[in-house]
Amino acid sequence: MKYIIFSDAHSNLEAIDTFSRIAESVTHDKRVCLGDIVGYNADPNPCVEWVRETVDIALAGNHDYAALGKTDTTYFNSSAYQACMWTRRELTEKNKRFLGSLPVEKEEDGVHWVHSSPFEPMGWHYVSNVRDAEVNFEHFQGPLCFLGHSHLPGVIEKRSDNKISCYVAPQVGLAPCSRYIINVGSLGQPRDGNPDPTFVLYDSEKQSVEFRRFSYDLGSTQKKIMACGLPAYLADRLELGR
């Protein structure tokens, strides 16, 4: 089975449009969205509708639930909170119902899919170091977990000797005696210093994972943010990949 996996699109329609064209040229069986379809950027409705119509496995993230009032927002920074409230007003009832129907984690095809972390998935924890990984490997079965949330692409591997390593690599061959937590990065708001969105290709037969990046019409996304009256910081950070 071949999968195209992405997360944290965050209402970035220009990124989704380019990604959609790329996906059409890549052989795959399923598309997987790991949540945070909305938030931050200016096109929540068309982004939700695209996910609803084209994605095979879809999860909700904290920004999706926040836009519905289904999770706490007190930890949001000012820009995130303003975008959340704006998104809540903009979303159609149909799209709210769709987001509300999505789980935050799922076991399917022998993989654990989750937005934030297998440990307390609605606690919205980040999994970014060995200590985080030690806890989270205990909270899912099987060898493989894909997640998003931090917007930072990377691989966490737990070998058969229980040693855990964190690394970034463009391609990974999954070792049969290891377990993995793989962060697929962000489609709509990269934060690793590179403004180009990230997605992942996973081939379950070859046991291979490939990270891919692409450029898009970032300027149009920035202009829309400003035109909607959203914080200028949200436009600026896209160009910096922060």
Side-chain angles (χ1 to χ4, degrees), residues 1-10 12-37 47 50-59 61 102 105-118 127-128 133 136 140 142-158 165-218 241:
M1 190 82 75
K2 296 179 180 179
Y3 301 82
I4 293 181
I5 310 164
F6 68 94
S7 188
D8 298 273
H10 283 302
N12 189 330
L13 185 59
E14 285 70 35
I16 280 181
D17 283 344
T18 301
F19 169 68
S20 184
R21 291 194 294 271
I22 294 169
E24 291 298 329
S25 69
V26 176
T27 301
H28 63 282
D29 300 295
K30 288 186 178 182
R31 297 183 186 184
V32 182
C33 171
L34 298 179
D36 274 1
I37 303 165
C47 291
W50 180 84
V51 169
R52 189 176 70 235
E53 293 167 3
T54 67
V55 167
D56 300 288
I57 299 172
L59 304 182
L102 299 178
E105 67 175 338
K106 190 171 189 176
E107 292 274 353
E108 189 166 317
D109 299 343
V111 177
H112 193 90
W113 314 99
V114 64
H115 175 67
S116 60
S117 66
V127 185
S128 56
N136 279 277
F140 71 96
L144 186 57
C145 171
F146 286 100
L147 48 74
H149 190 48
S150 73
H151 300 212
L152 301 174
V155 178
I156 302 175
E157 179 179 1
K158 183 176 183 179
S165 58
C166 305
Y167 54 92
V168 177
Q171 293 183 314
V172 180
L174 303 180
C177 295
S178 291
R179 300 178 71 212
Y180 295 88
I181 296 173
I182 296 176
N183 193 310
V184 303
S186 174
L187 203 68
Q189 194 195 73
R191 293 181 186 169
D192 62 343
N194 185 339
D196 292 343
T198 310
F199 68 96
V200 160
L201 303 176
Y202 166 52
D203 189 321
S204 63
E205 293 183 8
K206 294 182 178 179
Q207 285 295 285
S208 65
V209 171
E210 179 183 353
F211 291 83
R212 289 198 183 181
R213 304 194 86 134
F214 61 91
S215 59
Y216 72 103
D217 186 3
L218 186 153

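Sequence positions, counted from 1, serve as the residue numbers for this chain. Because the structure is predicted, anything quoted here is derived from the model rather than measured.
With sequence neighbours left out, N194 forms a side chain to side chain contact (heavy atoms under 4.5 Å, CB included) with D192, D196, R213. The side chain to side chain contact (heavy atoms under 4.5 Å, CB included) check on P195 picks up L218, with sequence neighbours excluded. Under the salt bridge (Lys or Arg N to Asp or Glu O under 4.0 Å) criterion, R52 pairs with no residue, sequence neighbours left out. Residues satisfying the side chain to side chain contact (heavy atoms under 4.5 Å, CB included) test with V168, not counting sequence neighbours, are none.
Residue pairs meeting the ring pair (Phe, Tyr, Trp, His ring centres under 6.0 Å) criterion with at least one partner in residues 167-198, sequence neighbours excluded, are absent. Sorted by first then second residue, the side-chain hydrogen bond (donor to acceptor under 3.5 Å, both in side chains) pairs that include residues 168-178, not counting sequence neighbours, are E157-S178.
N183 places a side-chain N or O within 3.5 Å of a backbone atom of G148 that can act as its donor or acceptor partner.
Taking the side chain as every heavy atom from C-beta outward, Y216 and D17 never approach each other to under 4.5 Å.
Residues E24 and R31 are paired through a salt bridge, judged by an N-O separation under 4.0 Å between the basic side chain and the carboxylate.
Between F6 and W50, the ring centre distance stays below 6.0 Å.
The two atoms that bring L147 and H115 nearest to each other are CB-O, 3.8 Å, heavy atoms only.
A perpendicular orientation is assigned to the rings of F19 and F199, their planes being inclined by more than 60° (bins at 30° and 60°).
Among E210, K2, Q207, the one residue that satisfies the side-chain hydrogen bond (donor to acceptor under 3.5 Å, both in side chains) test with Y202 is Q207.
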